[in-house]
Amino acid sequence: MFEHVQPYAGDPIFALVDAFNADPRPAKVNLSIGIYFDEQGRLPVLPSVMQAESHILAAGGPKGYLPMEGDAACRAEVAKLLLGADHPAIRQGRVASIQTVGSSGGLKVGADFLKTWLPEAQVWVSDPTWDNHRSMFEGSGFVVNTYPYFDATTGGLRFEAMLAALRSLPSRSIVLLHACCHNPTGVDLSAAQWDALIPVLRERALLPYLDLAYQGFGDGMDEDAYAVRALASAGLTFFVANSFSKSMSVYGERCGALSAVCASAAEAALVMGQLRFTVRRLYSSPGIHAAKIVAHVLGDADLRLLWQTELAAMRERILAMRHALHARLQALLPGRDFGYLLSQRGMFSYTGLSAAQVDELREQHAVYLLRSGRVCIAGLNTANVARTAEAIASVLSA
């Protein structure tokens, strides 16, 4: 029956994690998977989440199925977090938000919805982007193309080339954009660049689809939502998938959401109905515990303040590791420019290392990163950053 099934090559990130876990070397460093680790190299358990879960357990109650769109309180808090509590789009009922199985679930629900209702559209993603973006949209039946993004010579953004490419797209093309903390490069648009991009999206009648998996890891919760709020204020219709996996350190709970900001309340109601149907066809309804965590943390003023303080500490630790890695590399190789480590934002940086150099880092130095050269800065700490820098300097000098 299944002799014709092709073998699965495996996911490169999870395969690297497996190899790292099997590596017996005591000084190994995991800079591959996009997970935030604390100074001791552990996955943190946030006190804000622990307190929220204590409230949930104390309240008790039945655990029935949630509606297809998820928990109402969770969805309301998500919309306010993305747009601001008093945004006109929320007051006017133009936002259709659903709770999803992580932001990956949100991306997939949105992709299936769009293939049904914009069947002739094609999808455009940044070059490079998170590998799973292409897989998800191709899995929904889309043709997926790329637009210029990363400048390998500067470690920055090819913004003019990006604008030129988007100006040439057919109307109703779907443009996948990273709202902040671009994965894998760490290169983001500035506020001024978003302001220049939005008129192009409007004039070409393009549909922006934002991925916001790292809100709070760039410059702050409100600052990292700039693109979402600017698009809404400009009156564009767009989708945004967001995640709490990293920001609340609840990876396995699959806390995510998908929001569609529409032109009218009537359109939002139509979209919501079809999003519910799409969820029904995929996984029927999301998890109740994930919804309650998000609703409790965001809906309780004290817990929300505590969470934002915890998130700020995580953001500042990542920034400190960027500076430490930059300083050590610059000292070891003064003739090279490592400024990209300071200009790129969030958990990731694109190092420019070749696949062969990455292999050498792994095999000779037990330093694990993706063969694209992407490094997860959150895997660094004061105990391993100097040795990591020395390993990178060694392969660059070879």
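Without hydrogens or angle criteria, Ser103 side chain to Asn242 main chain gives no donor-acceptor distance under 3.5 Å. No side-chain donor-acceptor contact under 3.5 Å links Asp127 to the backbone of Pro148. Without hydrogens or angle criteria, Tyr149 side chain to Val187 main chain gives a donor-acceptor distance under 3.5 Å. The backbone N or O of Ala165 lies less than 3.5 Å from a partner atom in the side chain of Ser168, making a donor-acceptor pair. Of the possible donor and acceptor atoms, one in the side chain of Trp307 sits under 3.5 Å from a partner among the backbone N and O of Ser247. Looking only at distances, a side-chain donor or acceptor of Arg322 sits under 3.5 Å from a matching main-chain atom of Gly346. Remark: the backbone N or O of Val125 is not paired with any side-chain donor or acceptor of Thr129 at under 3.5 angstrom. A donor-acceptor pair under 3.5 Å links the side-chain atoms of Arg75 to the main chain of Ser97, judged by distance alone. A donor-acceptor pair under 3.5 Å is formed between the side chain of Gln99 and the backbone N or O of Asp71. Using modelled atom types, one side-chain atom of Asp38 and one backbone atom of Arg42 make a donor-acceptor pair closer than 3.5 Å.
Nearest approach of Ile288 to Pro62, heavy atoms of both residues: CD1-O, 4.4 Å. Contact between Gly379 and Leu31 at its shortest, heavy atoms only, is C-CD2, 3.5 Å. Residues Met221 and Leu311 come closest through the heavy atom pair SD-CD2, 3.1 Å. Closest of all the heavy-atom pairs between Met68 and Val279 is O-CG1, 3.3 Å. Here the shortest heavy-atom pairing between Val367 and Arg387 reads CG2-NH2, 4.1 Å. Nearest heavy atoms, Pro208 versus Leu201: CG-CD1, 3.8 Å.
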Pair Ser140, Asp112 - check side-chain hydrogen bond (donor to acceptor under 3.5 Å, both in side chains), show working.
CA-CA 5 Å; Ser140 294; Asp112 281 6; 2.5 Å; yes
Please walk me through it: do Ser48 and Glu310 pass side-chain hydrogen bond (donor to acceptor under 3.5 Å, both in side chains)?
CA-CA 8 Å; Ser48 59; Glu310 294 161 349; 2.6 Å; yes
List the steps and the verdict of side-chain contact (heavy atoms from CB on, under 4.5 Å) for Leu166 and Arg204.
CA-CA 8 Å; Leu166 297 186; Arg204 296 300 308 153; over 6 Å; no
Show your reasoning for whether side-chain contact (heavy atoms from CB on, under 4.5 Å) applies to Thr185 and Leu157.
CA-CA 10 Å; Thr185 68; Leu157 179 66; over 6 Å; no
Just do the side-chain contact (heavy atoms from CB on, under 4.5 Å) check on Ser249 and Leu43 with the steps written out, would you?
CA-CA 7 Å; Ser249 194; Leu43 194 67; 4.0 Å; yes
Begin with the C-alpha distance, continue with both residues' side-chain angles, and end with the deciding distance and a verdict on ring-ring contact (aromatic ring centres under 6.0 Å, His included) for Tyr350 and Phe150.
CA-CA 9 Å; Tyr350 235 35; Phe150 181 68; 5.0 Å; yes
Using salt bridge (Lys or Arg N to Asp or Glu O under 4.0 Å), reason through Lys80 and Glu77 one step at a time and then give a plain yes or no.
CA-CA 5 Å; Lys80 291 188 288 185; Glu77 292 296 340; 3.3 Å; yes
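Taking the side chain as every heavy atom from C-beta outward, Val250 and Val49 approach each other to under 4.5 Å. By the 4.5 Å heavy-atom criterion applied to side chains, Tyr147 and Leu169 are not counted as neighbours. Looking at Leu325 and Ile377, their side chains come closer than 4.5 Å, going by heavy atoms from C-beta outward. The side-chain heavy atoms of Leu176 and Ser126, taken from C-beta on, include no pair separated by under 4.5 Å. Contact check for Leu189 versus Phe159: side-chain heavy atoms found under the 4.5 Å cut-off. The closest side-chain heavy-atom distance from Leu306 to Pro47 is below 4.5 Å. Within the 4.5 Å cutoff, side-chain heavy atoms of Leu275 are placed close to those of Val271. Using a 4.5 Å heavy-atom cutoff, the side chains of Val375 and Ser349 are in contact.
Note: Ile318 CD1 to Cys376 SG = 7.0 Å, rounded to the nearest 0.5 Å. Here Gln215 contributes atom CD and Lys246 contributes atom NZ; the two are 13.5 Å apart, rounded to the nearest 0.5 Å. To the nearest 0.5 Å, atom CD of residue Glu69 and atom CE of residue Met272 are 5.5 Å apart. Atom CD of Gln308 is separated from atom CZ of Arg315 by 9.5 Å, given to the nearest 0.5 angstrom. In this structure, CG in Asn381 is found 5.0 Å from CD in Glu39, a value given to the nearest 0.5 Å. A distance of 11.5 Å separates CZ of Arg172 from CG of Leu114, quoted to the nearest 0.5 Å.
Shown here are the ring-ring contact (aromatic ring centres under 6.0 Å, His included) partners of Trp130, two or more places apart in sequence or in another chain: His133. Checked against side chain to side chain contact (heavy atoms under 4.5 Å, CB included), Gln274 has the following partners two or more places apart in sequence or in another chain: Phe113, Trp117, Phe277. For Ala263, the side chain to side chain contact (heavy atoms under 4.5 Å, CB included) partners at least two apart in sequence or on another chain are Thr237, Glu267. Ala232 is linked by a side chain to side chain contact (heavy atoms under 4.5 Å, CB included) to Leu83, His87, Phe238, Val261, counting only residues two or more places apart in sequence or in another chain. Taking the ring-ring contact (aromatic ring centres under 6.0 Å, His included) definition, one finds that Tyr214 meets it with Phe348, sequence neighbours left out.
Of the residues listed (Asp222, Asp224, Asp195), the one engaging Arg229 in a salt bridge (Lys or Arg N to Asp or Glu O under 4.0 Å) is Asp222, and it is the only one.
Judged as a side chain to side chain donor-acceptor pair (under 3.5 Å), the pairs with a partner in residues 365-379 (not counting sequence neighbours) are, in order, Asp23-Tyr368, Asn183-Arg374, Asp359-Arg371.
Leu333 and Leu341 fall within the same hydrophobic cluster, where Ile, Leu, Val, Met, Phe, Trp and Tyr residues are linked whenever their side-chain heavy atoms come under 4.5 Å apart, directly or through other members. Following chains of ILVMFWY side-chain contacts shorter than 4.5 Å, one cannot reach Phe239 starting from Val228, and the two form parts of different hydrophobic clusters. Residues Met314 and Leu81 fall within the same hydrophobic cluster, defined by Ile, Leu, Val, Met, Phe, Trp and Tyr side chains chained together at heavy-atom separations under 4.5 Å. In the hydrophobic clustering of this structure, Ile35 groups with Leu212; members are Ile, Leu, Val, Met, Phe, Trp, Tyr whose side-chain heavy atoms approach within less than 4.5 Å, directly or through other members. Note on Leu236: it does not cluster hydrophobically with Ile174, by side-chain heavy-atom contacts below 4.5 Å among ILVMFWY residues.
Residues Glu53 and His296 have side chains that never bring a donor and an acceptor to within less than 3.5 angstrom of each other.
Open room surrounds CZ on Phe14; 12 or fewer heavy atoms of other groups in view lie less than 6.0 Å from it. Heavy atoms of other residues, nucleotides or ligands lying less than 6.0 angstrom from CD of Glu120 number 12 at most.
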